[in-house]
Amino acid sequence: MKQLQHPLFISHGSPMMAVENSNTSRFLQRLGQQLPTPKAIVVFSAHLDVTEDVVITAGTQPKTVHDFYGFPNELYQIRYPAPGAPVLAKQIADSFMSAGIKVNLSLTQGWDHGVWIPLKLMYPQANIPIVQISINTRVSAAENYRYGQLIAPLKHNNILIIGSGGVSHNLSETFRQPKTPNAVAMMNAFTHWVEDKLLNNDTKSLLNYLSLAPYAQFNHPTQEHFLPLIAVLGASETSCAKKIHQDVEFELLALDAYSFN
């Protein structure tokens, strides 16, 4: 019997979320308990931004990648030994190649922290197979949307599709002193615009967010944390979005989460 899994977008925040008790870490723990258990998970993460062939993880036991610097040692000791799903990876690769998109089925790519930190909170037993698909900041939002469209049918077969990034992600601004005037107001204007377009199913505007959204470049000086949302939007098949979490970290990093029902 088929089971529908509603695609999700999750803002993964600081790596410290893996060890700190916060509103968002508690939300992710509850979310994993509330969702029907998927037979596999497919993730678009901000931290696998590839400008050549689309990378699809195909290893049987990918490593935990600690792709961050300057954090407490305990973070670097964490492992998330979730298995890969090579058969599913090949199925996804075939869909991409049939659409004329070149792929790299990687046996060596591990789980970056955009994958393992939220999934460690949601599924601490690390027993659900995962496939990760890269995003690409060198191509249009529409092309990243297409990546999601290509895997949309999977959600009808009990496979959970997740985008892991950030609704806003001006990391350098969080460290700047003094901060840019009206920085918080600019973050709020952008995140409210995104929410409005998602809840009203305005895909056209979201695909043109760089030119239409207020303060888009301020909130995303680089685009890798927003494109997982665009990819999951493609996988939603025009399903309506529902905001399921709201939080802010360091005043400027919006940690909103959405489900596409």
Side-chain angles (χ1 to χ4, degrees), residues 2-10 12 37-65 67 80-116 118-119 122-123 126-165 207 223-239 260:
K2 290 192 174 183
Q3 166 77 53
L4 173 65
Q5 288 282 351
H6 298 296
L8 300 172
F9 174 75
I10 292 167
H12 59 248
T37 303
K39 72 175 184 181
I41 302 171
V42 178
V43 185
F44 294 98
S45 167
H47 297 282
L48 186 57
D49 177 14
V50 177
T51 60
E52 301 297 333
D53 300 349
V54 172
V55 170
I56 300 172
T57 59
T60 57
Q61 201 68 51
K63 295 180 179 179
T64 304
V65 180
D67 50 343
Y80 190 71
V87 174
L88 177 59
K90 178 62 166 56
Q91 178 186 343
I92 293 170
D94 289 344
S95 296
F96 274 68
M97 290 187 290
S98 294
I101 299 172
K102 294 180 179 180
V103 302
N104 170 15
L105 274 170
S106 175
L107 298 175
T108 59
Q109 177 65 45
W111 310 138
D112 65 55
H113 78 271
V115 175
W116 66 262
L119 291 186
M122 292 174 66
Y123 301 108
N127 59 355
I128 301 174
I130 301 169
V131 173
Q132 184 175 358
I133 305 173
S134 63
I135 51 117
N136 188 344
T137 55
R138 298 291 182 90
V139 299
S140 66
E143 183 68 3
N144 286 272
Y145 179 84
R146 187 181 178 211
Y147 296 170
Q149 287 181 305
L150 290 171
I151 65 165
L154 297 177
K155 67 178 182 285
H156 299 288
N157 196 29
N158 198 23
I159 294 173
L160 178 59
I161 301 170
I162 295 178
S164 176
L207 293 182
Q223 305 308 306
E224 75 285 340
H225 276 76
F226 198 74
L227 291 178
L229 172 58
I230 296 295
V232 168
L233 186 62
S236 75
E237 296 180 306
T238 70
S239 298
F260 293 87

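No experiment lies behind these values; they were computed from the predicted model shown. Hydrogens, waters and symmetry mates are skipped; everything else that's a heavy atom, side chains included, is used.
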Colleague: Counting the benzene-type ring for Trp, do Tyr147 and Phe96 have ring centres under 6.0 Å apart?
Modeller: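 Tyr147 vs Phe96: aromatic centres under 6.0 Å.
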Colleague: Is a side-chain donor or acceptor of Trp111 paired with a backbone partner of Ile130 at a separation under 3.5 angstrom?
Modeller: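 No.
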Colleague: State, yes or no, whether a side-chain contact exists between Glu143 and Ile101 at a heavy-atom distance under 4.5 Å.
Modeller: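 Yes, close enough: below the 4.5 Å cut-off.
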Colleague: Would you name the heavy atoms of Val232 and Pro7 that are closest together and state the gap between them?
Modeller: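 Scanning both residues completely, I find the closest heavy atoms to be CG1-CB, 3.7 Å.
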Colleague: Name the orientation class of the two ring planes belonging to His12 and His47 (parallel below 30°, tilted from 30 to 60°, perpendicular beyond 60°).
Modeller: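 His12 vs His47 ring planes: tilted.
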Colleague: Could you tell me if the side chain of Asn136 sits less than 4.5 Å from the side chain of Val54, heavy atoms only?
Modeller: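 Counting from C-beta outward, Val54 and Asn136 never come under 4.5 Å.
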Colleague: In the structure I gave you, are the side-chain heavy atoms of Leu227 and Asp49 within less than 4.5 Å of one another anywhere?
Modeller: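 Result no, sub-4.5 Å side-chain heavy-atom pair not found.
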Colleague: Is there a side-chain contact between Lys155 and Leu4, using heavy atoms and a 4.5 Å cut-off?
Modeller: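 The answer is yes, as the side chains (C-beta and beyond) meet within the 4.5 Å cut-off.
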Colleague: Mind listing the closest non-hydrogen atom pair of Pro62 and Gly84 along with its distance?
Modeller: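 So the two residues come closest at CD-N, 3.6 Å.
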Colleague: Answer yes or no: is there a side-chain heavy-atom contact under 4.5 Å between Gln91 and Leu154?
Modeller: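 Gln91 reaches Leu154 side chain to side chain.
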Colleague: On a heavy-atom basis, which atom in Ala46 and which in Glu224 lie closest, and how many Å separate them?
Modeller: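 The pair with the smallest heavy-atom distance is CB-O, 3.2 Å.
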Colleague: So which atom in Thr137 and which in Gln223 form the shortest heavy-atom distance, rounded to 0.1 Å?
Modeller: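 Minimum heavy-atom contact is CG2-C, 4.0 Å.
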Colleague: Under 3.5 Å, side chain of Ser164 to main-chain N/O of Gly114, donor-acceptor pair present?
Modeller: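 Yes, because the side chain of Ser164 sits within donor-acceptor range (under 3.5 Å) of the backbone of Gly114.
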Colleague: Got more than 12 heavy atoms from elsewhere within 6.0 Å of CD, Glu52?
Modeller: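 No, not enclosed.
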Colleague: So do the side chains of Leu119 and Ile128 get within less than 4.5 Å of each other, counting heavy atoms only?
Modeller: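 Sidechains of Ile128 and Leu119: no contact.
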Colleague: If you define the side chain from C-beta out and look only at heavy atoms, does anything of Phe44 sit under 4.5 Å from Ile230?
Modeller: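 No, their side chains stay 4.5 Å or more apart.
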Colleague: Ignoring hydrogens, what is the shortest heavy-atom contact between Leu160 and Pro38? Give both atom names and the distance.
Modeller: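 In this case the closest contact between Leu160 and Pro38 is CB-CB, 3.9 Å.
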Colleague: Evaluate the side chain to side chain donor-acceptor pair (under 3.5 Å) criterion for residues Gln109 and Asn104: first the C-alpha distance (whole Å), next the side-chain angles of each, then the deciding distance (0.1 Å), finally the verdict.
Modeller: CA-CA 10 Å; Gln109 177 65 45; Asn104 170 15; over 6 Å; no
Colleague: Any side-chain heavy atom of Val131 sitting closer than 4.5 Å to one from Ile159?
Modeller: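 Val131 does not reach Ile159 side chain to side chain.
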Colleague: Indicate the atoms forming the closest heavy-atom contact of Ser45 with Ile135, along with that distance.
Modeller: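 Minimum heavy-atom contact is O-CG1, 3.6 Å.
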